[in-house]
Amino acid sequence: MTEVRIIKKRKDFLKVAKQGEKVVQSTLILQAAFNLSVEPDCCHIGYTATKKLGKAHIRNRTKRRLRAAARVVFGMNGLQGVQYVLIGRYRTADCPFEQLLKEMQQALKKVNKLLQKEEATHEQTADPTTDSAN
RNA sequence: ACGGGUGGCCGGAUAGCCGCGCAACGGAAAGUAAAAUCCACUUGUGAGGAAAGUCCGGGCUUCAAGGGAACAAGACACCAGAUAACGUCUGGCUGGGGAAACCCAAGGGAAAGUACCGCAGAAAAUUACCGCCUUUCUAUAUGGAAGGUAAGGUUGAAAAGGCGAGGUAAGAGCUCACCGCAUUCUUGGCAACAAGGAUGGUCCAGGCAAACCCUGUCUGAAGCAAGACCAAGUUAGGACGAAUUUCUUUUGAAAUUUAGUAUCGGAGAGUUCCCACUCCUUCCAGAGGUAGGUCGCGCCGAGCCUGGUUGCAAAACCUGGCCCAGAUGAAUGGCUAUCGUCAUAAAUCUUUGUCGCAAGAUAAAGCAAAUAUGAUACAGAACCCGGCUUAUAGGCUGCCCAUUUUU
RNA sequence: GGUCCCAUCGUCUAGUGGCCUAGGACACCGCCCUCUCACGGCGGGAACACGAGUUCGAACCUCGUUGGGAUCA
């Protein structure tokens with residue numbers, strides 16, 4: 001189990017969007033990136049709903065549904081030391097809840113795989129450089 | 001019964017599981033630059049009629065800043081009332097629409113001045129083309145010249161009161177009746193205005209002020225990212241003048257201070273002036289970093305609910321009761337079940353009409369219980385109030401008008 | 001949350017209430033030129049964000065919607 005905390009600063013959102021991995025589903029977009037400032041045994045989640053989706057009550061609703069789904073999914077499978085960002089899409093407010101759960105799980109699996117790969121390659125490439133620097 | 005007008009109200013309910021914000025009670029530890037902390041479970045509480053648009057008006061806060069005058073800029077504009085105030089509301093007047101209930105109107109001033117009115121038309125504001133009439137000339141004609149006139153014609157969105165009679169060379173408010181218009185008087189009304197009378201033919205004069213403008217009334221500006229406090233960090237420079245001290249023959253250099261009183265002067269909300277008030281060695285140039293926290297901020301308010309009195313009403317007053325969201329990447333949700341409301345569909349049932357001897361057929365209307373499918377709106381507080389505007393599935397209800405039928 | 005600004009062919013723009021059935025440039029389409037393309041020449045289509053009001057008459061004036069953009073300490 002990993003503890004889930006909420007991202008609140010604009011800086012963090014931008015960082016994840018720039019550097020992280022991205023998976024697109026029909027009901028949501030998931031972005032993720034490692035960050036050293038994350039406490040151990042923790043992962044951070046941020047929620048985004050842009051003005052494109054609709055007026056204020058629709059944006060609030062997408063965020064709520066994302067939050068409700070994320071409580072189920074990320075408590076079990078969230079990686080430690082990672083910042084996730086969930087972005088709502090047009091269908092997020094209307095689609096059946098089970099579909100939202102499924103797609104979120106799929107997206108999380110994919111992102112986690114990508115992150116692990118990147119980490120592995122990063123470690124391989126990083127080690128010799130550090131050696132040569134020393 | 002059907003069709004319309006207008007006002008008010010509601011705008012899903014219950015249960016279960018998981019979850020969120022805030023407040024109170026309780027507990028805990030920790031150490032940060034400082035202040036917010038963290039945990040638990042219990043209790044309480046948790047969006048709207050528009051929370052929206054930000055179109056008006058206030059409270060509140062800051063700009064050091066109170067009063068008066070002029071100008072500038074902006075808003076508003078029939079009358080009376082309501083209100084903290086308003087561009088809002090209520091009642092009335094006038095004009096327009098409608099068969100009526102009722103609805104709509106930025107509804108002051110065009111004899112204070114300026115501008116504009118394309119095309120067409122003689123002429124778009126001191127007009128005269130075709131006409132009509134009189135006089136006169138000659139080449140006696142479908143002619144010219146001088147005058148009178150504005151009835152008729154054409155154009156246009158708009159052409160200088162309308163219509164009838166008299167009158168005339170032809171005409172004309174030239175004269176008269178009626179209607180309209182203007183002035184004035186009387187009556188009613190707080191007033192806008194209405195009704196009636198008298199006088200006026202110099203009745204001289206179109207539209208446009210949502211063109212400039214004039215008149216009257218109102219307005220200092222900016223906005224809770226206002227603003228106040230706490231913490232950390234950074235910066236605190238240069239030039240000139242004055243005074244003092246030290247060094248120096250002097251010029252000058254260095255350091256420190258720039259205090260108090262009085263006068264003058266300067267500065268101070270868009271501009272100027274006056275009174276009052278405040279501040280002041282002068283000038284120039286920078287540097288640094290951050291949205292960390294607390295308050296403002298929700299328990300007292302132009303507050304909400306109930307009842308009563310006054311008033312046609314908007315509202316006002318009185319009695320009693322209540323305390324009711326407070327976030328800040330922003331809580332009030334997710335799922336399930338049952339029910340409610342509306343629409344549609346087919347079948348069942350009932351009533352009535354028609355056809356038929358009857359069985360029955362067919363059309364219309366209705367209601368009850370159940371079935372299926374679909375729909376269940378607009379939309380989310382962010383300092384707070386009063387309005388306006390815009391969006392809105394569906395439902396309840398008061399009053400009024402017209403038509404038809406029955407009693 | 002507050003305060004402002006803007007909207008004209010596909011794009012960038014011009015436009016005194018009547019000369020506007022809206023002009024110009026680039027782009028697009030057709031024809032000509034050329035062996036072909038480009039350049040050049042001729043011609044064509046294409047827009048006043050939406051809804052009301054004022055006016056005899058609105059792209060223009062007024063009000064309300066819609067959409068886009070800027071800014072704050």
Side-chain angles (χ1 to χ4, degrees):
Chain A
M1 284 290 287
T2 50
E3 200 179 330
V4 174
R5 292 192 180 171
I6 297 172
I7 304 177
K8 291 191 174 181
K9 286 199 178 180
R10 184 172 163 76
K11 262 187 192 173
D12 297 334
F13 280 89
L14 290 178
K15 234 184 204 176
V16 173
K18 260 192 178 179
Q19 303 175 352
E21 300 294 330
K22 179 177 164 188
V23 171
V24 180
Q25 297 277 6
S26 66
T27 54
L28 58 95
I29 297 173
L30 180 62
Q31 295 175 329
F34 280 102
N35 196 327
L36 295 176
S37 65
V38 179
E39 301 87 342
D41 304 331
C42 258
C43 69
H44 287 187
I45 301 184
Y47 308 93
T48 297
T50 60
K51 271 194 178 175
K52 276 186 187 176
L53 294 181
K55 298 200 171 180
H57 79 285
I58 296 173
R59 298 203 295 274
N60 282 357
R61 194 175 168 77
T62 59
K63 277 192 190 179
R64 278 184 206 132
R65 297 196 70 172
L66 286 176
R67 221 173 285 146
R71 199 168 56 241
V72 177
V73 175
F74 280 76
M76 300 300 293
N77 302 323
L79 282 183
Q80 297 181 359
V82 177
Q83 286 188 326
Y84 295 97
V85 171
L86 286 163
I87 301 173
R89 306 193 71 189
Y90 291 100
R91 294 187 54 211
T92 310
D94 303 327
C95 72
F97 193 67
E98 290 180 14
Q99 189 188 350
L100 189 62
L101 282 178
K102 265 190 189 177
E103 296 201 347
M104 194 180 282
Q105 275 169 344
Q106 283 178 4
L108 185 56
K109 271 186 188 176
K110 277 188 188 177
V111 160
N112 285 351
K113 271 189 186 177
L114 285 171
L115 281 175
Q116 281 163 352
K117 262 190 192 175
E118 189 195 327
E119 194 177 23
T121 55
H122 188 67
E123 279 175 358
Q124 281 174 6
T125 52
D127 285 340
T129 53
T130 48
D131 288 346
S132 63
N134 292 341

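Proteins come first, then strands; the chains are lettered A, B, ... in the order of their sequence lines, and each starts at number 1.
- In this view, A:Arg61 and A:Ala93 satisfy the side-chain contact (heavy atoms from CB on, under 4.5 Å) rule, not counting sequence neighbours.
- Under the 90° criterion around 0 for the glycosidic angle, B:G173 counts as syn.
- For A:Lys110, the side-chain contact (heavy atoms from CB on, under 4.5 Å) criterion is met by A:Val23, not counting sequence neighbours.
- Glycosidic conformation, B:G95: anti, with the torsion outside 90° of 0.
- A:Ile58 and A:Ile87 fall into different hydrophobic clusters, where Ile, Leu, Val, Met, Phe, Trp and Tyr are joined by side-chain heavy atoms under 4.5 Å apart, directly or via other members.
- Judged by distance alone, with hydrogens and angles left aside, the side-chain atoms of A:Arg89 form a donor-acceptor pair with the main-chain N or O of A:Gln25 at under 3.5 Å.
- B:G12 sits 8 Å from B:U376 when the C1' atoms are compared, rounded to a whole Å.
- Between A:Thr48 and A:Ile58, it is A:Thr48 whose nearest contact on RNA chain B lies nearer the 5' terminus.
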Problem set entry | Trace of the side-chain contact (heavy atoms from CB on, under 4.5 Å) decision for A:Leu86 with A:Leu30 | CA-CA 5 Å; A:Leu86 286 163; A:Leu30 180 62; 3.5 Å; yes
For this session: Please assess A:Met104 against A:Leu108 for the test side-chain contact (heavy atoms from CB on, under 4.5 Å), listing each intermediate value before the final yes or no.
Result: CA-CA 6 Å; A:Met104 194 180 282; A:Leu108 185 56; 5.6 Å; no
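- Applying the Watson-Crick and G-U wobble criteria (two distances, each under 3.5 Å), B:U183 pairs with B:A198.
- Here, B:A115 and B:C176 have their C1' atoms 44 Å apart, quoted to the whole Å.
- For B:G237, the O4'-C1' to base torsion is more than 90° from 0; the nucleotide is therefore anti.
- Atom-to-atom, CG of A:Leu101 to P of B:U336 comes out at 11 Å; the value is rounded to the nearest Å.
- Rounded to whole Å, the separation between the P atoms of B:C367 and B:U306 comes to 36 Å.
- Here B:A47 is in the syn range [glycosidic angle within 90° of 0].
- In this structure, A:Leu86 places its CG atom 13 Å from C1' of B:G329, rounding to the nearest Å.
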Exercise. Which parts of nucleotides 330-335 of chain B does protein reach within less than 4.0 Å, heavy atoms only, written one letter per nucleotide 5' to 3' as B for base, S for sugar-phosphate only and - for none?
Worked result: SSSBSS
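- For B:U62 and B:A226, the P atoms lie 13 Å apart once the distance is rounded to whole Å.
- Between the A:Glu103 side chain and the A:Thr27 main chain, a donor and an acceptor come within less than 3.5 Å of each other.
- For the P atoms, the distance from B:U371 to B:A365 is 26 Å, rounded to whole Å.
- Taking the C1' atoms as reference points, B:G293 lies 12 Å from B:U37, given to the whole Å.
- Rounding to whole angstrom units, CZ of residue A:Arg59 and P of B:G380 are separated by 8 Å.
- Base orientation for B:C324: syn, the chi torsion being within 90° of 0.
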